[in-house]
Structure formats: structure tokens, C-alpha cells
Student: 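Let me begin by handing over the structure; questions about it come next.
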Amino acid sequence: MTVVLLMLGVMTAATAPSQAAPQQLAGSAIICSNSPIPAGWVVTSSYRSSGCPGTGVAYNIADPSGQNGIIVCSFSPIPAGWVVTSSYPSSGCAGTGIAYNIGNAATVNSATVCSFSPIPAGWVVTSSYASSGCAGTGIAYSISNAANASSATVCSFSPIPAGWVVTTSYATSGCAGTGIAYTIANAAGANYASVCSFSPIPTGWVVTGQYQNSGCAGSGISYNIRRA
């Protein structure tokens, strides 16, 4: 599966004023760090503030709706369907000192993300490698949307979409961390399949037999499965 690097823009966080003050939530706001963050909103910066008794820390927060990318602090909530494309030290994030570039994956089919990024539902990890752009782990992933695919090659730690099965596994230098890749397939249109013994078994399917298989690195065992 060809992986195309995700090009995601970023919006620079606003400069923090000297004190936090109550403001109406209308796209962006300043809140104290012990305040709830509205669902879907993100923390773009944090700073010391005498206007927030108790914590002494204020947040700039924003609604990223309509954006393709934005800079957030590492402790910010990550909206559903968004991914972390890089991380780096930042004096604008009091508390951790780390900021993330995050992007909306809704309009793309592939992306490069940091290993600690959320993986959108239905997406898979196709490779992993060392990256200086992911402060914290130093590992990046190439990920792809499997929604319109019938098969894929993924790293062994990749999420496996519901209804998909692992047909083979093998050693690879392209999956830093485990060094093992899987070939996976969508079983939606099939009635029978041969899968590795550690494969998810789709709901409504049963195991009818097993055999030795060197193509399933890890267990060396394959199962024959079919719809019940």
C-alpha cells in the first residue's frame, strides 16, 4: 500500500496575556488549567498566571473545527480523527515544555505520525522508523486508511480493522520496535480463509482446522476458518 506523507498546515498559538480572565467561548478562549475543556477543543499554550488561584496556570484553548492543522501542548486533548505529526520542546507549554503539531486526517488517506499519536479508527500502521521530529519516543509511523482496501501490509503492533484477518507474518526492518510485519486481508466478502493462529477471528466465524506454517512467524501455526 503506497504511503503518501500527510501535508498538514499549522496555526500559530496566540501570545498569552499576563493574566487569565473569563471569556466567552467563541472559537478561542483563556481558561484556568483546572477548568473543564469543551469537547473537541484543544490547548494551544499554557503559562503562569496570578489570575488563576489554586493552580497558577492558564491555558489558551481553541476550537479547531474547519482547520487542517494546529499547534497544541502535549497535554491537550486530541480531537477524534486527528493525529500527532511531530513534537518538539516549547516554552509556550508550561508544565511539560513539549508541543505537538496535530492534523485532521479526515480528508487524507495516509499520514506520517509520531508513535504516541492516536490512530484513527480503520487506519493501520504500515511502517515505523527513527525520527528526530518525534520528541519523547523518537519513533514515527507511516499510517494508511484501510477503508477502501482489500489487503494491506502492516506492522505487528498495528490496529487490525474489524473483520480483517492476519494471513502471514514475517521479519522486517521496516517495523522498528518489533521487527515483524503482517499481511492482513478484509474477510468481508469471503466464506473461507487461512489465517495465522494469532489473527483476530471475525464475529460469526469458526476455526475448522490447524497446521504448521512457516509463513506465520511467531507461532508457526495457521488456522483454517470459515463462516459459521
Student: Check whether V207 and I160 end up in the same hydrophobic cluster, where Ile, Leu, Val, Met, Phe, Trp and Tyr are linked by side-chain heavy atoms less than 4.5 Å apart.
Tutor: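 No, separate clusters.
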Student: Give, for atom CG of N34 and atom SG of C52, the distance between the pair rounded to the nearest 0.5 Å.
Tutor: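 Going from the CG atom of N34 to the SG atom of C52 covers 7.0 Å.
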Student: Are S151 and N186 packed together at the side-chain level, in the sense that at least one heavy-atom pair is separated by less than 4.5 angstrom?
Tutor: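 No, every pair of side-chain atoms sits at 4.5 Å or beyond.
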Student: I'd like to know if the side chain of S199 and the backbone of V166 have a donor-acceptor N/O pair within less than 3.5 Å.
Tutor: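 Side chain of S199 to backbone of V166, a donor-acceptor pair under 3.5 Å: yes, one is there.
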Student: Measuring from atom CD1 of I225 to atom OH of Y192, what distance do you get when rounded to the nearest 0.5 angstrom?
Tutor: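 Spacing of CD1 (I225) from OH (Y192) equals 12.0 Å.
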Student: Under 3.5 Å, is there a donor on one side chain and an acceptor on the other for S86 and N101?
Tutor: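 The answer is yes; a qualifying pair exists.
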Student: State whether a side-chain donor-acceptor pair under 3.5 Å links S74 with T96.
Tutor: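 Short answer, yes.
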Student: Indicate, with yes or no, if I184 and V195 share a hydrophobic cluster defined by side-chain heavy-atom contacts under 4.5 Å among Ile, Leu, Val, Met, Phe, Trp and Tyr.
Tutor: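 Each belongs to a different hydrophobic cluster.
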Student: Once rounded to the nearest 0.5 Å, what's the spacing between atom OG of S49 and atom CD1 of I31?
Tutor: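 Going from OG on S49 over to CD1 on I31, the span is 12.0 Å.
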Student: Any donor and acceptor pair, going by atom type alone, linking the side chain of T167 with main-chain N or O of T183 inside 3.5 Å?
Tutor: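 Such a contact is found between T167 side chain and T183 backbone.
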Student: Give the cluster check for V57 versus V43: same hydrophobic cluster or not, with ILVMFWY residues linked at side-chain heavy-atom distances below 4.5 Å.
Tutor: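 Cluster IDs for V57 and V43 match.
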Student: So does A176 get a backbone contact from the side chain of S128, meaning a donor-acceptor N/O pair under 3.5 Å?
Tutor: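 Judged by distance alone, yes, a pair lies under 3.5 Å.
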Student: Under a 3.5 Å distance rule, please check whether R227 uses its side chain to pair with a backbone N or O of A190 as donor and acceptor.
Tutor: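 Here the side-chain-to-backbone pair exists.
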Student: After noting the C-alpha distance and the side-chain angles of F157 and Y182, does the key distance pass the ring-ring contact (aromatic ring centres under 6.0 Å, His included) rule?
Tutor: CA-CA 9 Å; F157 47 80; Y182 292 164; 9.4 Å; no
Student: Start with the C-alpha gap between V206 and R226, add the side-chain angles, then the distance that decides, and say whether side chain to side chain contact (heavy atoms under 4.5 Å, CB included) holds.
Tutor: CA-CA 6 Å; V206 294; R226 66 171 177 83; 4.1 Å; yes
Student: Find the distance between OH (Y88) and OG (S132) and round it off to the nearest 0.5 Å.
Tutor: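 Going from OH on Y88 over to OG on S132, the span is 14.0 Å.
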Student: Quick one about S194 and S222 (side-chain donor to acceptor, distance below 3.5 Å, no hydrogens or angles considered), yes or no?
Tutor: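 No, S194 and S222 have no side-chain donor paired with an acceptor closer than 3.5 Å.
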Student: Set out, in order, the CA-CA distance, both residues' side-chain angles and the distance that settles side chain to side chain contact (heavy atoms under 4.5 Å, CB included) for I70 and T44, then state yes or no.
Tutor: CA-CA 8 Å; I70 194 169; T44 58; 4.0 Å; yes
Student: Let's go through Y59 and C73 carefully: what are the C-alpha distance in whole Å and the side-chain angles of both, what is the deciding distance for side chain to side chain contact (heavy atoms under 4.5 Å, CB included) to 0.1 Å, and is it a yes or a no?
Tutor: CA-CA 10 Å; Y59 291 165; C73 292; over 6 Å; no
Student: Could you state whether W123 and I139 fall into the same hydrophobic cluster, counting links through intermediate Ile, Leu, Val, Met, Phe, Trp or Tyr residues with side-chain heavy atoms under 4.5 angstrom apart?
Tutor: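 W123 and I139: one cluster.
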Student: Would you say the side chains of S45 and N60 form a donor-acceptor pair under 3.5 Å?
Tutor: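 The answer is yes; a qualifying pair exists.
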Student: If you measure from SG on C155 to CD1 on I143, what distance do you get to the nearest 0.5 Å?
Tutor: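 Spacing of SG (C155) from CD1 (I143) equals 12.0 Å.
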Student: If two hydrophobic side chains count as joined below 4.5 Å and joins carry through other members, does V165 share a cluster with I201?
Tutor: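 In one cluster: yes.
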